[in-house]
Amino acid sequence: MESKAADGGDKTAGNEAVPSHFIRNIVSEDLKQGKNGGRVHTRFPPEPNGYLHIGHAKSICLNFGLAAEFGGMCNLRFDDTNPSKEDIEYVESIKEDVRWLGFDWGDREFYASDYFAQLYDFAIQLIQSGKAFVCDLNAEQMREYRGTLTEPGKNSPFRDRSIDENLDLFRRMRAGEFPDGSRTLRAKIDMASPNINMRDPVMYRVLRASHHRTGDAWCIYPTYDFAHGQSDSIEGITHSICTLEFEDHRPLYDWFLDQLSIHHPQQIEFARLNITHTVLSKRKLLQLVQQEYVDGWDDPRMPTLAGFRRRGYTPEAIRNFCERIGVAKRNSVVDIAMLEHCLREDLNKRAPRVMAVLRPIKVVLENYPEGQIEELDAVNNPEDPAMGTRKIPFSRVFYIEQDDFREEPPKGFFRLSPGKEVRLRYAYIIKCVGVDKDPVTGAIQELRCTYDPETKSGSSRSGRKVKATIHWVSAAHAVEAEVRLYEHLFTKEDPEDVPERSDWLANINPNSLERLTSCRIEPYLVDAKPGSRYQFERLGYFCVDSEESPPTKLVFNRSVSLRDMWAKKEKTVGDSRRNRS
RNA sequence: UGGGGCGUAGCCAAGUGGUAAGGCACCGGUCUUUGGAUCCGGCAUUCGUAGGUUCGAAUCCUCCCGCCCCAGCCA
């Protein structure tokens, strides 16, 4: 990661100046005042119990971004203190995703479990100073003693055990003498605290679960509250950035560090990301996967980084998105259109253009010589001349998009219809002179057209203009492909917006995936590599699926559609017409 | 009715006593062999509400209203 001047504001994303945010201001101010000896050291601390999603990307960009910006470092630390939910599969995927996003933790790959021995010693220290005790209350009893939001709790009957007894009991907990859940080690703070987290919180529980790293070496595990701050401290973290729900834990975070008199990082909280038309909680994402509403964690409809990657999103687009949405303490829901915009903006500059017909109608050019083939020049990317040109074969029979023909064109439709003309991109102006239909079903079988030889693209012989240019693919040269179109996973902006006695699953969009299996793409793409991204002209950005696209049959995922003024106009015209009647 | 936070446009979000940045969305127009992109213009007389302080308030003070989080031996 490169280091830049530590000057706070005026960071750029694209070409726009992006204002600073409160966390950047805090770090900047700390540096100015010489805190932490001029060091900035952050960490990204996921629990390996699921795949990373775009909400994590916000945190990753924040933590790694701040470190890079101020010449500091950012650790990757797995917060693996609850073996019953965690798995090595998740740590692998997390590493892959952070790397894919473009960040590098160097040799600083840490695990809270690396510190189990040290944490145990810290616990002993607290017992010795009379600040922790072993409690025999079971979970239910502990709840009763805890009190409620409005009533203080009561001291545990075991709170006043002697230091020696506590030491002995804690060692025996660790030695495996007591069953799961029978005893806990608790901090001795204040059962009457208005902050429930300070009511003698649990530091250790007895739990016989095999840990993905430490195996069966331990049968007691530290809780988040006891492990997190001390892990931060051990690693020399300066700014411990987490989400809003931990605000109430900060006094406890500070308490442990103060009692232990060890390096004291500053915890800073920000609002987690929410996005319209999707869910962003591990629990719900897990449910979508397990109940097979989607195809797995990397289903292109999933808001996971693995899903976005397979969908064709670029790390740059996601990073830019994270920069643009800002960092604040206000709970908010970002419009998914913002994310889509970031992808289009990026791909517009770098994706080669290509022609593909998703829902083909056959067209025969009656006045074009049979057997003749022309090689037409096509620009690979009008935004970037350096990407060069390619040849596209043109012949008498080709396919166009069903949407580009209307037998009875509505007002404002200026594509092909009987007697009307359009330009074929990079080729000629054609006119529709006939429509062949199945005599039984009435379905359109093919269009009869004629072309004007004077109108070839690039030639100056004709100054003729037509209102529309459509894409096409020569029938004889077309490569057949499958294209998967995706829509939002949920029909409502807020998936939780449901009628009484229904839940978020009721808002799953039944049409979030559409598979088109007889698409025709230009031959230029026969050898397209998995993961490569293209713009299908006039349709959107697509990438070759990295899982199911063997050489024999190409499978494309639509990453995002192009903005479509006509579709929008037609929809609003349709809506107002419907409203009038 | 306890504690901790947060209220600036349809959605994000700057702003920290000197007269409301920027982005997304949306609406016009320009240009165009992608109804794409680009470019240009529009989009908060007002910052949850009501008072107060001040020459001057989104910024300071007070009341009120609304929303979020916390009663796991999850993180």
Side-chain angles (χ1 to χ4, degrees), chain A residues 9 13-14 16-21 45-47 49 79 81-82 84-85 135 137-139 142-143 146-153 180-186 193-199 201-207 220-221 223-225 227-228 242-251 269 271 276 282 324-342 344-345 348-349 353 355 379 382-383 412-415 422-427 429 455 457-458 465-471 493 535-540 561-570:
Chain A
E16 295 100 29
V18 172
S20 197
H21 51 70
E47 183 189 12
N49 67 346
D79 219 339
T81 56
N82 184 4
S84 58
K85 287 187 177 176
C135 182
L137 255 27
N138 63 32
M142 202 179 293
R143 195 181 322 121
R146 187 156 34 228
T148 68
L149 294 177
T150 52
E151 298 156 338
D180 286 11
S182 61
R183 283 185 227 255
T184 56
L185 180 72
R186 297 224 259 162
S193 173
N195 180 346
I196 290 181
N197 294 296
M198 300 299 270
R199 318 237 265 228
V202 171
M203 296 164 59
Y204 270 91
R205 70 273 209 183
V206 181
L207 176 61
I220 59 172
Y221 291 94
T223 57
Y224 164 86
D225 284 311
H228 202 92
C242 61
T243 44
L244 250 28
E245 66 270 27
F246 293 104
E247 229 161 358
D248 287 344
H249 293 242
R250 190 179 349 125
E269 312 84 11
T276 58
K282 278 190 189 171
R324 284 189 194 210
I325 56 176
V327 177
K329 299 192 72 151
R330 181 187 335 184
N331 289 311
S332 61
V333 184
V334 176
D335 194 332
I336 197 164
M338 182 95 89
L339 216 207
E340 294 170 344
H341 167 82
C342 290
R344 289 191 189 103
E345 182 181 64
N348 177 46
K349 289 178 296 192
R353 268 114 259 217
M355 291 203 284
V379 174
E383 303 292 317
F413 182 87
F414 38 81
R415 275 111 94 150
V422 287
R423 172 172 288 283
L424 256 20
R425 171 134 248 221
Y426 298 122
I429 290 176
T455 58
S457 280
K465 296 236 181 219
V466 286
K467 274 195 160 175
T469 298
I470 65 174
H471 59 276
E493 276 194 12
Q535 183 196 96
F536 289 180
E537 291 215 40
R538 302 207 306 132
L539 298 174
S561 64
L562 247 30
R563 290 184 71 216
D564 186 345
M565 296 308 275
W566 165 244
K568 192 180 292 176
K569 195 197 244 172
E570 194 179 33

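When reading the values below, keep in mind they use all heavy atoms of this one structure, side chains included, and skip hydrogens, waters and symmetry mates. Quick note on labels: first sequence line is chain A, next is B, and so on, each numbered from 1.
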*asked:* Going by side chain to side chain donor-acceptor pair (under 3.5 Å), name the residues that satisfy it together with Asp248(A), two or more places apart in sequence or in a different chain.
replied: none
*asked:* Taking ring-ring contact (aromatic ring centres under 6.0 Å, His included) as the definition, give me every residue that meets it alongside Tyr426(A), ordered by chain and number, with sequence neighbours left out.
replied: none
_Holding to side chain to side chain donor-acceptor pair (under 3.5 Å), I want the full list of residues that pass it with Glu383(A), two or more places apart in sequence or in another chain._
none
*Atom pair distance, as rounded to whole Å: CD in Gln535(A) and P in rG35(B)*: 11 Å
*Output yes when at least one side-chain N/O atom of Arg538(A) is less than 4.0 Å from OP1 or OP2 of rG35(B), else no.*
yes
_Less than 4.0 angstrom between a side-chain N/O of Ser332(A) and OP1 or OP2 of rA13(B), yes or no?_
yes
*Lys467(A) or Met338(A): which one's nearest nucleotide on RNA chain B is closer to the 5' end?*
Met338(A)
*Report the distance from atom OH of Tyr426(A) to atom C1' of rU34(B), rounded to the nearest whole Å.*
8 Å
*asked:* Applying a 4.0 Å non-hydrogen cut-off, can you work out what Arg186(A) is touching in the nucleic acid: base, sugar-phosphate, or nothing?
replied: nothing
*Can you list the residues that meet the side chain to side chain donor-acceptor pair (under 3.5 Å) rule with Arg344(A), with sequence neighbours excluded?*
none
_Nearest-neighbour nucleotide for the Asp564(A) side chain, rG36(B), rA25(B), rG35(B) considered_ = rG35(B)
*Who pairs with Arg199(A) by side chain to side chain donor-acceptor pair (under 3.5 Å), at least two apart in sequence or on another chain?*
none
_Contacts of Glu245(A) that satisfy salt bridge (Lys or Arg N to Asp or Glu O under 4.0 Å) - sequence neighbours left out_ = Arg272(A)
*asked:* Using a 4.0 Å heavy-atom cut-off, does Glu537(A) contact any base of the nucleic acid, only the sugar-phosphate backbone, or nothing at all?
replied: base
*Could you tell me which residues satisfy salt bridge (Lys or Arg N to Asp or Glu O under 4.0 Å) with Asp180(A), sequence neighbours excluded, listed by chain and number?*
Arg208(A)
*For His471(A) and rU34(B), is the shortest distance between a side-chain N/O and OP1 or OP2 below 4.0 Å?*
no
*In whole angstroms, how far is the C1' atom of rA25(B) from the CD atom of Glu493(A)?*
11 Å
*Mind checking salt bridge (Lys or Arg N to Asp or Glu O under 4.0 Å) for Arg250(A) and listing every partner two or more places apart, or none if nothing turns up?*
Glu269(A)
_Given RNA chain B, 5'-ward residue of the pair Leu424(A) and Val334(A), judged by closest heavy atom_ = Val334(A)
Between N or O atoms, less than 3.5 Å apart, protein on one side and nucleotides 27-31 of chain B on the other: list the pairs.
none

_Both atom distances under 3.5 Å, Watson-Crick or G-U wobble: I'd like the secondary structure of RNA chain B as a dot-bracket string, with | for pairs made across strands._
.(((((((.[[[..)..(...]]].((((.........)))).....[.[[[..)....]]].])))))).....
*asked:* Taking any heavy-atom pair under 4.0 Å as a contact, classify Gly153(A): base, sugar-phosphate, or nothing.
replied: nothing
*Quick one, give me the B/S/- string for nucleotides 70-75 of chain B, reading 5' to 3', where B means a protein heavy atom under 4.0 Å from the base and S means that only happens at the primed atoms, P, OP1 or OP2.*
BBSBBB
*Applying salt bridge (Lys or Arg N to Asp or Glu O under 4.0 Å), name anything that partners Glu340(A), two or more places apart in sequence or on another chain.*
none
*Between Leu539(A) (CG) and rA37(B) (C1'), how many Å, whole number?*
15 Å
_Shortest side-chain distance from Glu383(A), nucleotide among rA37(B), rG35(B), rU34(B)_ = rA37(B)
